[in-house]
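Reviewing the structure listed below.
When reading the values below, keep in mind they use all heavy atoms of this one structure, side chains included, and skip hydrogens, waters and symmetry mates. Order of appearance sets the numbers: ligands from 1, and atoms from 1 within every ligand. No experiment lies behind these values; they were computed from the predicted model shown.
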Amino acid sequence: MMIAELPQGGSLAVMLIDLDEFKTVNDVHGHAVGDDLLCAVAERLGATLAKHGTVARLGGDEFVIVMPFATGKDKDEVSGFADRIVSQMSEPFFAQHRRICIGISMGIGTCPNNGSTAGALLHAADVAKFRAKEAGRGTFRFFEPNMDRILREQAELKVELREAIAGGQIVPFYQPLIDLTTRNVDAFEVLARWEHPTRGLLTPGKFISLAENMKLITPLTLALFRQVCADARERPKHYRLALNISPTQLPEAALFVAITAMMREADIAMSRLEIELTESSLIEDTQQAARIIDGLRAMGITVALDDFGIGYSSLYHLRQIQFDKVKIDRSFVQSIGHDPRAASFVQAMIGVGHHLHLQTTAEGIEDAEVLAKLEEFRCTFGQGFFFAKPMSGPDIRRSMPRGAINDPEMHCTWSPTLSLAA
Ligand code: C2E
Ligand code: CA
Ligand code: CA
């Protein structure tokens, strides 16, 4: 209706809004708090908007704002507005006396540029919202024509993924985790890559969430791990392996049965396996997660809490669940060389690890200054391009010092000087 009423030369912005982490709020605080939060969000959106447009809830945690604007001022006016909404929504909310911080991701489609029907504008806003989420949430994006191309690419990958898994196109790359006291390699993190026949080597960002949505993540993990076990035959026995496990996979007993069977068959001791769990995997049922993790640990498997710090309730989980290790997310680590505040933060996180008798790994070490700080803070392990980028199985083998493969006592020391060419 608003489209039909647009004055000559007028424009309209359709802003689609999704609350970040709303599901987590429901899971952690319960649905009553979730409902109150939605009301508070609607109220604040209405107040921010004042008389500039109309806001409606589309369902779930999705809201839409329709706002007319003068074409002459173009995107600036909408941009300023979107900025204000995103920052307003990042302020804490109070629901049932609880202080809750969420943010929003917003996609914007404009009429007439991106279409002149409600359907076309909502589609454009939806595509743009998807990009806002990918950009790390808590932000907004305008629709751009190439976004459609990216979505089309994803639709194509979706059709191909099942066969790629069955056909062995998903392969393990490995990145060493370095013991910062000895500088020896402690483990290799397994990072999935898709050797796509026409698109080249694809990184997990392109296909892991696709696999999760298509319920193919477990076949993918198993296909990957099968190759890891084969590669492990050619590695010194003391190297450990760190495997990433997705949110939904933790309660899948069959997955762990299959993993441990493969390890037995390949003669890999359970103590050589480390499982890296991202926080969201634990939230739905913390007690169940704690039980499963206890079970894995009782088998000798190490369990690490991945991406520590960026999840919604890291400390809550550390209190509820016994981990062996936390991996501090690289977004915290990367600036500690020049940003004292970031450095204090990471030092405090490592301190939490020490107090709880947890080992700590810092991800994303790219330079010597960062490494020096981490050593000063007594971080246990380090990982990052400064030591080595993720490498294919054959490249890892080629880069090992001569003799290391067959000598279980020989430790491999990695330094930036020990490159692939070494
Ligand atoms: P992650 O677990 O946080 O893995 C570390 C990521 O940081 C890797 O990205 C790695 O290449 C990158 N990285 C390591 N050192 C540095 C550095 O010094 N600087 C920078 N800028 N980046 C660095 P990658 O390989 O693209 O993997 C992305 C994410 O995909 C992983 O993040 C992990 O969450 C997920 N993933 C990878 N393989 C699997 C898998 O087999 N299963 C599941 N469920 N997730 C996986
Ligand atoms: Ca990881
Ligand atoms: Ca991480």
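For P390, the heavy-atom gap to ligand 1 drops under 4.0 angstrom. A heavy-atom separation below 4.0 Å is not found between T221 and ligand 1. Contact analysis puts R330 in contact with ligand 1, with a non-hydrogen atom separation below 4.0 angstrom.
Looking at H123 and N114, their side chains never bring a donor and an acceptor atom within 3.5 Å of each other. Side-chain polar atoms of Y174 and D231 form a donor-acceptor pair below 3.5 angstrom. In the model, D20 has a side-chain atom that pairs as donor or acceptor with a side-chain atom of S105 under 3.5 Å. A donor-acceptor pair shorter than 3.5 Å cannot be found between the side chains of Q334 and D367. No hydrogens or angles considered: nothing links the side chains of Q320 and T286 as a donor-acceptor pair under 3.5 Å. No hydrogens or angles considered: a donor-acceptor pair under 3.5 Å links the side chains of Q249 and T218. For the residue pair H29 / Q96, no side-chain donor-acceptor distance below 3.5 Å is found, with atom types taken as modelled.
Taking any N or O of E212, backbone or side chain, none lies under 3.5 Å from an N or O belonging to ligand 1. In terms of polar-atom proximity, defined here as any N/O pair under 3.5 Å, I208 makes no such contact with ligand 1. Residue-to-ligand polar distances place R193 within reach of ligand 1: an N/O pair is separated by less than 3.5 Å. For Q383, no nitrogen or oxygen atom sits less than 3.5 Å from a nitrogen or oxygen atom of ligand 1, counting backbone and side chain alike. Inclusion of Q175 in the set of residues having an N or O under 3.5 Å from an N or O of ligand 1 is warranted.
Put simply, CZ on F143 and CZ on R131 are 11.5 Å apart, with the number rounded to the nearest 0.5 Å.
The Ca ion (ligand 2) has an N, O or S atom of D306 closer than 3.0 Å. Backbone or side-chain N, O or S atoms of T278 do not reach the Ca ion (ligand 2) at under 3.0 Å.
Across the listed options T278, L191, L224, V190, L191 owns the non-hydrogen atom lying nearest to atom 31 (C) of ligand 1. Considering only non-hydrogen atoms, atom 33 (C) of ligand 1 lies nearest to N244 out of I170, N244, I245.
The atom of D307 that is an N, O or S and sits closest to the Ca ion (ligand 3) is OD1. Distances from the Ca ion (ligand 2) to each N, O or S atom of E276 single out OE1 as the nearest. Sorting the N, O or S atoms of E189 by how far they are from the Ca ion (ligand 2) puts OE2 first.
Close contacts between ligand 1 and I365 involve ligand atoms 18 (O) [criterion: under 4.0 Å to a heavy atom]. Interface atoms of ligand 1 facing D307, defined by a heavy-atom separation under 4.0 Å, are 3 (O). In the vicinity of E363, heavy-atom distances shorter than 4.0 Å reach the ligand 1 atoms 3 (O). The contact set between ligand 1 and E189, taken as ligand atoms under 4.0 Å from a residue heavy atom, comprises 2 (O), 4 (O). Near Q334, meaning under 4.0 Å from any of its heavy atoms, are these atoms of ligand 1: 19 (N), 20 (C), 21 (N).
Remark: R199 CZ is packed, more than 12 non-hydrogen atoms of other residues, nucleotides or ligands lying under 6.0 Å away. Crowding of K373 atom NZ: a count of heavy atoms from other residues, nucleotides or ligands under 6.0 Å not exceeding 12.
S246 places no side-chain N or O within 3.5 Å of a backbone atom of T248 that could act as its donor or acceptor partner.
A heavy-atom distance below 4.5 Å is found between the side chains of D18 and K133.
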